[in-house]
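Computation of the quantities below employed the complete heavy-atom set of this structure, encompassing side-chain atoms and omitting hydrogens, waters and symmetry-equivalent molecules. Residues take their numbers from the sequence shown, with the count starting at 1.
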Amino acid sequence: MAKIYKNYINGKWKVSGNRETFENINPANTKQVLGRFQKSSQGDIDEAVKAAKKAQVKWGKIPAPKRGEMLYRAGELLLKNKESLARDMTREMGKVVKETRGDVQEGIDMAYYAAGEGRRLMGETVPSEMPNKFCMSVRMPVGVVGAISPWNFPIAIPSWKLFPALIAGNTVVLKPASDTPLSAINLVKILEKSGFPPGVVNLVTGTGEEAGLSLIDHRDVDLVSFTGSTDTGSLVARHCAKGMKKFSLEMGGKNAIIVMDDADINSALEGVLWGAFGTTGQRCTACSRVIVHKKIIKKFTSLLVERAKKLRIGDGLDEKVEMGPLINEIQRQKVKKFVDIGVGEGAKLLAGGNYQKGKKYSDGFFFQPTILGDVSPKMRIAQDEIFGPVLSVIPCKDFEQAIGIVNDSKFGLSSAIYTQDVNRAFKAVENLDTGITYINSSTIGAEIQLPFGGTKGTGNGHREAGTASLEVFTEWKSVYVDYSGKLQKAQID
Ligand code: UN1
């Protein structure tokens, strides 16, 4: 019998009101069931939000450095349990164990960072127009945060949402993706041990349609922080707008690497392979377009294809494996469909293009590392987010054209350029319309002390991580202290 996991509400582990559960399987071996999880509905959400609302009153009054101490403990416990957390994560979402260790590390980094923020949470002091008057702005909590997290970074992304929210004095209800509830439970167990009072952190598992929407629509949720697909994000936006809630969205990408003719080819090759096939291409920062200068495109593409074909595919728990499976069958069919669309549009299939064959792979959602050549910038495969190991190779004649191709996208998350020319590198920084730009590195691998997010259709103007995250999780309060002993009228006296 599969183990049954519960929701965490008001400091207690509880089954859902309707007693329904759903199964969580290993995408590398679908015969392996990791457990059954609560299929929560409105009643469970109501209970969790009620607990969060009640707890927020006291939590918001605890000095931020004290809140930080709890987050610091969470960081210590994440570090202590890093290996088992990583292995559970590989089992439930498939990415290789080196990467799941990195995912947990990102949570650790965020815990320490947010803990330190407890002693800053900087506001401003500015001069007043008048004598004997003091002006400052301070950060206040928003209230109850509904956090909806995706399956591709099952600990890192909940950490990006929860830790800044908590340090700022908010309480949280987390609804993790239904493909990765175990990692979210593992994280919340650590928060429970770190000393957060009941109601400060709550977790409800279930589907997006039921648990997710109930959370978004709940009257007492003040802010929704969402990471996921563009379609779902737009639904979240519409629901939040109806309820006049604050919301922050982190959505798709169609990230590109430019390889100029003066690039260090080996380094560019490593960067493109890592960006395109790391996490089986399932990162919102994944490199899905490589724009290569025509002078080197032939050589570069042939090296790329040779290397992609050699990538070791399999169960991510095997340390030698370089690429795990896709998350589920729906995703695998979607990826296959995109490859077919690309070929139909006239792209040339240079590597992969199909489900990974062989008995060893028959119980998992494996897909071959895929490279499409002769791709033109307007093709759907060059425009739509695929979220799989599919790379489009696009030729360019010069730097200006390359920049134009990168920017010809409805998304604007991450971009990169390989060049040895410092002038070109800085021009790229200035002209690439993305929230993140890398020089001589891949499109993936953002560090948590910098803002994370993108322009255009990637988000709604907010950023996660870094101090920028505080703009989402706090409300500004401007404070005027008049010590003149009389009424002073601004703009008039
Ligand atoms: C995501 O793909 O949703 O920069 C997040 C990176 C990681 C985070 C990716 N640190 O690739």
Side-chain angles (χ1 to χ4, degrees), residues 8-13 48-82 85 104-125 136-147 155-174 184 186-203 220-223 225 246 448-449 464-479 481:
Y8 185 67
I9 299 176
N10 207 19
K12 296 206 171 60
W13 293 94
V49 174
K50 196 172 155 202
K53 187 175 158 88
K54 186 157 172 260
Q56 200 279 323
V57 180
K58 271 199 192 152
W59 179 245
K61 301 274 183 274
I62 292 177
K66 289 275 162 229
R67 296 197 290 254
E69 284 169 20
M70 291 174 214
L71 280 169
Y72 186 80
R73 272 202 291 280
E76 294 284 87
L77 287 172
L78 283 167
L79 184 60
K80 196 167 152 218
N81 295 285
K82 184 170 170 181
L85 292 166
V104 180
Q105 186 58 46
E106 209 159 331
I108 298 165
D109 297 342
M110 191 46 114
Y112 292 152
Y113 182 79
E117 200 50 52
R119 289 192 180 264
R120 284 185 295 266
L121 286 176
M122 305 276 204
E124 291 179 315
T125 58
M136 63 186 159
S137 59
V138 293
R139 293 182 180 278
M140 308 296 284
V142 180
V144 175
V145 173
I155 287 193
I157 293 184
S159 304
W160 294 2
K161 298 186 185 304
L162 265 55
F163 299 169
L166 292 168
I167 199 66
N170 304 285
T171 53
V172 185
V173 178
L174 169 65
N186 286 344
L187 173 66
V188 168
K189 277 188 184 155
I190 280 178
L191 296 179
E192 182 186 27
K193 280 200 198 124
S194 309
F196 291 90
V200 171
V201 177
N202 305 276
L203 166 103
D220 290 330
V221 169
D222 301 293
L223 159 66
S225 174
K246 287 182 84 174
I448 60 94
Q449 65 276 26
E464 299 203 275
T467 45
S469 64
L470 298 175
E471 300 306 323
V472 173
F473 294 111
T474 59
E475 290 279 11
W476 279 117
K477 171 168 291 205
S478 300
V479 185
V481 183

Q: Please report the closest heavy-atom contact between L71 and A111, naming both atoms and the distance.
A: O-CB, 3.6 Å

Q.
Could you check whether atom NZ of K50 has more than 12 heavy atoms from other residues, nucleotides or ligands sitting under 6.0 Å from it?
A. no

Q) Between A51 and I9, which heavy-atom pair has the shortest distance, and what is it? A) CB-CG2, 4.4 Å

Q) How long is the gap from OG1 on T474 to CG on L223, to the nearest 0.5 Å? A) 10.0 Å

**Q.** Partners passing side chain to side chain contact (heavy atoms under 4.5 Å, CB included) against K80 (at least two apart in sequence or in another chain)
**A.** none

(Q) Using side-chain heavy atoms (C-beta onward) and a distance below 4.5 Å, is F196 in contact with V172? (A) no

Q. Quick one: are K54 and W59 in side-chain contact, heavy atoms under 4.5 Å?
A. no

(Q) Counting C-beta onward and ignoring hydrogens, is there a side-chain heavy-atom pair between D222 and N170 closer than 4.5 Å? (A) no

Q: State plainly whether the residues R120 and E117 are in salt-bridge range, i.e. N to O under 4.0 Å.
A: yes

Q) side-chain contact (heavy atoms from CB on, under 4.5 Å) between V104 and I108: does it pass, once the steps are laid out? A) CA-CA 6 Å; V104 180; I108 298 165; 4.2 Å; yes

Q) Where do S194 and A74 come nearest, in terms of heavy atoms and distance? A) OG-CA, 3.2 Å

(Q) Is it the case that the side chain of N202 and the backbone of L174 share a donor-acceptor pair, with hydrogens and angles ignored and the cut-off at 3.5 Å? (A) no

**Q.** Residue pair P141 / E475: nearest heavy atoms and the distance that separates them
**A.** O-CG, 4.2 Å

Q.
Checking the side chain of S225 only, and the main-chain atoms of A147 only, is there a donor and an acceptor separated by less than 3.5 Å?
A. no

Q: Enter the distance from L162:CG to I167:CD1 here, rounded to the nearest 0.5 Å.
A: 12.5 Å

Q. Under 4.0 Å between a Lys/Arg side-chain N and an Asp/Glu carboxylate O for K66 and E69?
A. yes

Q. Donor-acceptor pair, Y113 side chain versus T467 backbone, under 3.5 Å?
A. yes

Q. Just wondering, do V221 and V173 contact through their side chains at under 4.5 Å, heavy atoms?
A. no

Q: Kindly compute the distance separating CD (Q105) from CG (L78), expressed to the nearest 0.5 Å.
A: 9.5 Å

Q.
To the nearest 0.5 Å, what is the distance between CG on L187 and CD1 on I155?
A. 5.5 Å

Q: Please report the shortest heavy-atom distance between E192 and G11, naming the atom on each side.
A: OE2-O, 4.3 Å

Q) Does a side-chain heavy-atom distance below 4.5 Å link K58 with I62? A) no

Q) Going by heavy atoms in the side chains, are E471 and W476 under 4.5 Å from each other? A) yes

Q) If we only count heavy atoms from C-beta on, is the S469 to F163 side-chain gap below 4.5 Å? A) no

Q) For K246, does the NZ atom sit with more than 12 other heavy atoms under 6.0 Å from it, leaving out its own atoms? A) yes

Q: State the CG-CZ distance between L470 and R139, to the nearest 0.5 angstrom.
A: 4.5 Å

**Q.** Any side-chain heavy-atom pair of P164 and E464 under 4.5 Å
**A.** no

Q | From CD (E106) to CH2 (W160), nearest 0.5 Å | A | 5.0 Å

(Q) Could you report the tightest heavy-atom contact between L203 and A184, atom names first, then the distance? (A) CD1-CB, 3.8 Å

